[in-house]
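Structure first, then comments.
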Amino acid sequence: MTEAHSVKRQARGRQRIADILDAALALFAQNGYEGTSTNAIAASAGISPGSLYQFFPNKEAIAEALSARLLEQMRAAHSSAFDLAQVTDLTLHELIDRMVDPLIAFNLANPGAKALMANTDLPARLQGAARPLQQAVVDRVAAIIGARFPRLPAAERNLAAMVAVRIVVAMMPPIVAAQGAERNALIAELKKALHGYVLPIEAH
């Protein structure tokens, strides 16, 4: 096999993996994790089940790879939207905008992510595939809260981050499903709820 042929083969393999993950993300959005089969993913990706198994042994492996890809994209979205050094200069409304808007944009661009982030129907044995994605959101929010409230004990900071993220995760499916004025209204209500939750922390 020539070097050029090997490079082309590797490129085809990377594209095939990307196609599989794209298909899985779309089907997770439509049918949920449990409602999606590897055969359906293969069909949506335009390949045979046998070809899919050359890259992924099972659906859990697909979920793990998809979580890793989404995690990278989410970190990029947040890093572009946030400079922790500026957190103390923001009003509380601006802070919440900076926390929430990248998560909303991320979920709108990747509607299937809710099947992994919200963990609504993942069996217990498969929850590990999504945990890094979920934990990364909590860690990021905890870092923001820590920068904003440096005297807040770590345990309280982490708890506040977890609760804030739970609020966002609970509201994300209806926000993604809505459009136009209805979506804007839901986003406004989400931010209002977070403002009410964070305000006592700031006053503490």
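As a basis for the values below, the full set of heavy atoms in this structure was taken, side chains included, without hydrogen atoms, waters or symmetry mates.
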Check your understanding: Angle class for the Y33/F28 ring planes (parallel below 30°, perpendicular above 60°, tilted otherwise)?
Key -> tilted
Check your understanding: More than 12 non-hydrogen atoms from neighbouring residues, nucleotides or ligands closer than 6.0 Å to NE2 on H195, yes or no?
Key -> yes
Point to revise | Residue pair P57 / Y53, side-chain heavy-atom distance below 4.5 Å | key: no
At what distance, to the nearest 0.5 angstrom, does [atom1] of [X] lie from [atom2] of [Y]?
X	Y	atom1	atom2	answer
N107	M171	CG	CE	12.5 Å
I41	S37	CD1	OG	7.0 Å
Y197	I96	OH	CD1	12.0 Å
R157	I145	CZ	CD1	8.5 Å
I17	L66	CD1	CG	12.5 Å

Point to revise | side chain to side chain contact (heavy atoms under 4.5 Å, CB included) against L108, all qualifying residues, sequence neighbours excluded | key: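 Expected list: I104, V176, R183.
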Practice item. Applying side chain to side chain contact (heavy atoms under 4.5 Å, CB included), name anything that partners N184, two or more places apart in sequence or on another chain. Key: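 N184 satisfies side chain to side chain contact (heavy atoms under 4.5 Å, CB included) with no other residue.
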Practice item. Search all heavy atoms of V168 against all heavy atoms of L194 and return the closest pair with its distance. Key: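 Closest approach of V168 to L194: CG2-CD1, 3.9 Å.
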Study note, to complete from the structure: In short, F56 meets A65 closest at the heavy-atom pair CE2-CB, 3.6 Å
**Study point:** NZ/NE/NH1/NH2 to OD/OE distance under 4.0 Å, E189 and K192
**Key:** yes
Practice item. State whether R14 and D19 are salt-bridged, where the test is any N-O pair (Lys NZ or Arg NE/NH1/NH2 against Asp/Glu carboxylate O) under 4.0 Å. Key: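 So R14 does not pair with D19 through a salt bridge.
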Point to revise | Under the salt bridge (Lys or Arg N to Asp or Glu O under 4.0 Å) test, residues paired with R148 that sit two or more places apart | key: E202
**Study point:** Check: E94 side chain, T91 main-chain N or O, donor-acceptor pair, under 3.5 Å
**Key:** yes
Check your understanding: For the side chain of K59 and the backbone of T36, is there at least one donor-acceptor N/O pair under 3.5 Å apart?
Key -> yes
